[in-house]
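Inspection log for the structure reproduced underneath, given as structure tokens.
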2 protein chains.
Amino acid sequence: MLAFSGHDLCTIDANGRIKLSPRVISDFIEKCGDEVVLHCLPEGALALYPEDIYLEMRRRETDPAGRAGQSVVFRREMRRFGALSQSERISKQGRITIPTGFRKLLNLDPGTDVCVVGVEIGVEIWQIDKWREEIERINQHQREKGEREMAEDLMPEKN
Amino acid sequence: MLAFSGHDLCTIDANGRIKLSPRVISDFIEKCGDEVVLHCLPEGALALYPEDIYLEMRRRETDPAGRAGQSVVFRREMRRFGALSQSERISKQGRITIPTGFRKLLNLDPGTDVCVVGVEIGVEIWQIDKWREEIERINQHQREKGEREMAEDLMPEKN
DNA sequence: GTTGATATTGGAAAATAATGGATTATAATG
DNA sequence: CATTATAATCCATTATTTTCCAATATCAAC
């Protein structure tokens, strides 16, 4: 059975929380219990990963202190992951609270309609309109690829 | 005996479910029991595959977490397969529920007439009008290919 | 510190949607 | 035409989501 798959709509409640679907909850429980890492993506969505996945994502960085003294690019990299990531706990009722700092940054204020999107290694929370744009972009790209493939198939030298 | 072949018409019931034909059901039971993977295609149809077929299609990348932290292209790839795929179970009455997120995306709302199409490795569910267009597109492409083949055959250097 | 205002947390109740089964209708078969 | 098989509809049950409320914590001004 596929983990972290599919997508569901829901609304951020008056207190900035999201009720995750049972499917998503059990995927997390299985992988990492109730503790997850929240990470703001540059695309403008909020990613939820099991901690080990997040740490794998970050493990490339060797000698962070030494490199931080030398490189602004590296310092920015550490800021990006430091400031924009945070551990949170899934509550007994299956809700997760979005930290206030992240809310404004991502336009995920109370009352916002969002889509919880499976991405195989975790889930992402998208403001609904942004998600529609994103999925359209993805599909459009695939369709264009398909058109080219069909045109290619008509070329005599290919057959 | 051919598996996943032919095509049948049916209607999506009031609760967003499809009753599969006995032929399709027994093809799945034989291949994978009652658990199948649903996947939204960019053409606008919903594919049903046995899980092993899906996983083959989605040959797993190495180090997904590391790459996800670095590349937006890679994250999009995971979104495409994560968000647009989901495991489901064929019920004892031979019905399959289309997840709500997929319904809207593919225009497969309750009451819609659909065509369940065998595609050799699984089946696809098409909104009936889109299916007619698709089959016409396929035939048109093949006719054009035939024309080119005939023209090619007239070229002196080919003979 | 103390008080008042504001925000956060946890839980319960109400509203909504999904599920499974049985029944009825329709189509296929002999 | 009768019988069987299949598909569609309906309904009760269960699950899930949303809304609401009380309790607790946090912050700011006095």
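Residue numbering restarts at 1 for every chain, and letters A, B, ... go by the order of the sequence lines. FYI, side chains are in, hydrogens and waters are out, and symmetry mates aren't considered; it's all heavy atoms of this structure.
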Practice task
Scan residues 22-46 of chain B for pairs that pass side chain to side chain donor-acceptor pair (under 3.5 Å), counting only residues two or more places apart or in two chains.
Solution key: B:Asp8-B:Arg23, B:Asp34-B:Arg89, B:Glu35-B:Arg89, B:His39-B:Ser85
Completion exercise
Those residues at least two apart in sequence (or on a different chain) that pass side-chain hydrogen bond (donor to acceptor under 3.5 Å, both in side chains) with B:Glu51 are none
Exercise for the section: Evaluate whether atom CZ of A:Arg148 has more than 12 neighbouring non-hydrogen atoms of other residues, nucleotides or ligands under 6.0 angstrom away. Expected result: no
Pairs under 3.5 angstrom only: tabulate donor-acceptor contacts from the side chains of residues 114-128 of chain B to other protein residues two or more places apart or in another chain.
residue	atom	partner	partner atom	Å
B:Glu124	OE1	B:Trp126	NE1	2.9

Problem - Residues touching DNA chain D, which here means a heavy atom under 4.0 Å, drawn from residues 82-110 of chain A - result: A:Arg95
Fill in the blank from the handout: chain A vs DNA chain C, heavy-atom contacts under 4.0 Å, first-to-last nucleotide span, 5' to 3', is C:dT8 to C:dA12
Practice task
May I ask you to list the residues sharing a hydrophobic cluster with A:Met78, side-chain cutoff 4.5 Å, ordered by chain and number?
Solution key: A:Phe74
Exercise for the section: Return the minimal non-hydrogen interatomic distance between B:Tyr49 and B:Phe28, and the atom names on each side. Expected result: C-CE2, 4.0 Å
Exercise for the section: Specify the angle, to 10°, made by the local axes at the two ends of the helix from C:dG1-D:dC30 to C:dG30-D:dC1 when five pairs are taken at each end. Expected result: 30°
Practice task
Mind checking side-chain hydrogen bond (donor to acceptor under 3.5 Å, both in side chains) for A:Gln70 and listing every partner two or more places apart, or none if nothing turns up?
Solution key: none
Exercise for the section: With a 4.0 Å heavy-atom cut-off, tell me which residues in residues 2-24 of chain A come close to DNA chain D, sorted by residue number. Expected result: A:Cys10, A:Lys19, A:Leu20, A:Ser21, A:Pro22
Problem - Partner residues of A:Glu133 under the side chain to side chain contact (heavy atoms under 4.5 Å, CB included) criterion, sequence neighbours left out - result: A:Arg137
Handout entry: Qualifying side chain to side chain donor-acceptor pair (under 3.5 Å) pairs with a residue from residues 98-119 of chain B, counting only residues at least two apart or across chains
Key = B:Thr11-B:Asp113
Problem - Counterpart residues, side chain to side chain contact (heavy atoms under 4.5 Å, CB included), relative to B:Glu136 (two or more places apart) - result: B:Gln140, B:Arg143
Practice task
Would you indicate whether A:Glu149, at its atom CD, is surrounded by more than 12 heavy atoms from other residues, nucleotides or ligands within a distance under 6.0 Å?
Solution key: no
Handout entry: Carboxylate-amine/guanidinium contact B:Arg17 B:Asp13, below 4.0 Å
Key = yes
